[in-house]
> 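I'd like to ask you about the structure that follows.
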Amino acid sequence: MDESIELLVTVVVAAEGEEAARDACEQLCWHVEGRIVDSADCSAEEPGCWSVTIAVPTDERATYNVGAPLARAVRRFVRSLGPNQTLPRVSCEPPTAWTVLDEPETLTELVPGAERVLIEAWCGADPYRMREREPEPGPVAEQADQPAHQWIPPEDKATEDGYRLILRVDVATTRHAGAEWQARAVASRISGAATLTGMTERDGVLSVHVDLGPAPSSAPQTVLNAVSALDRGGWTPLRWEGDTAITSWIADPIPSSGITALELSSGPAPAPAAEAQ
């Protein structure tokens, strides 16, 4: 195994429009030799803000210990921003590692109006395409280590108006920004249309609730397609709660920080989750 590692840097910046947001990131692009690959209006979640995504070249390559070069690529990028930049904790869930910079005063020299920055390292594929791809409808191949794929629902409910694909990401952290960006990193592997709908807290774990968009097929098939997109074993068999099909994944062992559990469900649109206090 010897694969290239790519960096995606997403800057949330206060700006009057898309062109102004891109212009604000020009100095950062020059500094890191990157190029802008996407920009989007995120004012619904961050009033007056735009997100700008930059692809940054790196000479890191993944070997059999893929986690180490992924994390190293993220750390090297943060250090390249200057001596005043504090290196935060790097989270790693191959094929990606990421961190969040959320101290605007250390970012505005390179990006005027910057609110926070997400740095993601990816290996083995074009990361921008991985973020944008939608799960393809159709049969999902059975896998021995994923019993959910072997489950046959009592009733293959057809797609109905109002049915949604919902993701819950449980993160052991006290930082809302860190939990939010880890949830976005997971959601980006499934859908390019993720919307955060709420966050709850219990026993030191922040649960981020994400709407991944309309169900493209029946409820159970939609969930199984999402499981396949995440490409990890250990999911529980599908179960029904009313009209909602659900499967869960729990980290083993449970880490003291980072993602501890995931839940995917497809059914009628749920009520918004309460915000953590």
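None of these values were measured; they are calculated from a predicted model. Along the sequence shown, the residues carry numbers beginning at 1.
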> Please round to the nearest 0.5 Å and tell me the distance separating atom CD of Glu19 and atom OG of Ser39.
10.5 Å
> Side-chain contact test, heavy atoms from C-beta onward, threshold under 4.5 Å: evaluate it for Val117 versus Leu81 and give yes or no.
no
> Say you draw a straight line from OG of Ser265 to CG of Leu238; how long is it, rounded to the nearest 0.5 Å?
10.5 Å
> From Leu196 CG over to Asp211 CG, what is the distance, rounded to the nearest 0.5 angstrom?
10.0 Å
> What heavy-atom pair brings Ala194 and Ala187 nearest, and what distance separates the two atoms?
CB-CB, 3.8 Å
> For the pair Arg239 and Glu263, find out whether any cationic side-chain nitrogen is under 4.0 Å from an anionic carboxylate oxygen.
yes
> When you look at Val210 and Arg184, which way does the side-chain contact (heavy atoms from CB on, under 4.5 Å) test go after all the steps?
CA-CA 8 Å; Val210 187; Arg184 288 186 185 278; over 6 Å; no
> When you measure from the side chain of His176 to the backbone of Leu206, do you find a donor-acceptor pair of N or O atoms at a distance under 3.5 Å?
no
> Would you check, one step at a time, whether the test side-chain contact (heavy atoms from CB on, under 4.5 Å) holds for Ile166 with Thr197?
CA-CA 10 Å; Ile166 304 298; Thr197 59; 5.9 Å; no
> Transitively linked via ILVMFWY side-chain contacts under 4.5 Å: Val205 with Met199?
no
> Which pair of heavy atoms, one from Cys49 and one from Asp41, lies closest together, and at what distance?
O-OD1, 3.6 Å
> Would you please name every residue forming a salt bridge (charged side-chain N to carboxylate O under 4.0 Å, His left out) with Arg76, sequence neighbours left out?
Asp59, Glu60
> CG/Asp38 to CD1/Ile54 distance, rounded to the nearest 0.5 angstrom?
11.0 Å
> Can you get from Leu167 to Ile259 by hopping between Ile, Leu, Val, Met, Phe, Trp and Tyr side chains that sit under 4.5 Å apart?
yes
> Ignoring hydrogens, what is the shortest heavy-atom contact between Glu16 and Trp50? Give both atom names and the distance.
C-NE1, 4.4 Å
> Determine the minimum heavy-atom distance between Val208 and Ala179, stating which atoms define it.
CG2-O, 3.6 Å
> So, Thr247 side chain and Thr236 main chain: donor-acceptor pair closer than 3.5 Å or not?
yes
> Hey, are the side chains of Trp235 and Leu264 touching, using non-hydrogen atoms and a 4.5 Å cut-off?
yes
> Are Arg164 and Pro214 packed together at the side-chain level, in the sense that at least one heavy-atom pair is separated by less than 4.5 angstrom?
yes
> Got a second to check how far Ser266's OG is from Gln221's CD, nearest 0.5 Å?
10.5 Å
> To the nearest 0.5 Å, what is the distance between CZ on Arg116 and OG1 on Thr10?
10.5 Å
> Do His209 and Ser207 make a side-chain contact, defined as non-hydrogen atoms from C-beta onward lying under 4.5 Å apart?
yes
> Looking at Arg22 and Glu26, is there a salt bridge between them, counting it only when a charged N and a carboxylate O are closer than 4.0 Å?
no
> Is the closest side-chain heavy-atom distance between Val9 and Val32 below 4.5 Å?
no
> Which of these passes side chain to side chain contact (heavy atoms under 4.5 Å, CB included) with Tyr163: Asp243, Thr244, Thr222?
Asp243
> Please answer: with hydrophobic residues joined when any side-chain heavy atoms are less than 4.5 Å apart, are Ile36 and Leu7 in the same cluster?
yes
> Identify which one of Thr58, Val56, Thr99 satisfies the side chain to side chain contact (heavy atoms under 4.5 Å, CB included) criterion when paired with Phe77.
Val56
> Taking all heavy atoms of Ala97 and all of Val74, pick out the closest pair and write down the distance.
O-CG2, 3.7 Å
> I want to check something: taking the side chain as every heavy atom from C-beta on, are Arg202 and Asp170 in contact at a cut-off of under 4.5 Å?
no
> Quick check on the hydrophobic clustering: are Val186 and Ile246 connected, directly or via other members, by side-chain heavy-atom contacts under 4.5 Å?
no
> Give the minimum heavy-atom separation between Val13 and Ala24, together with the two atoms involved.
CG2-CB, 4.1 Å
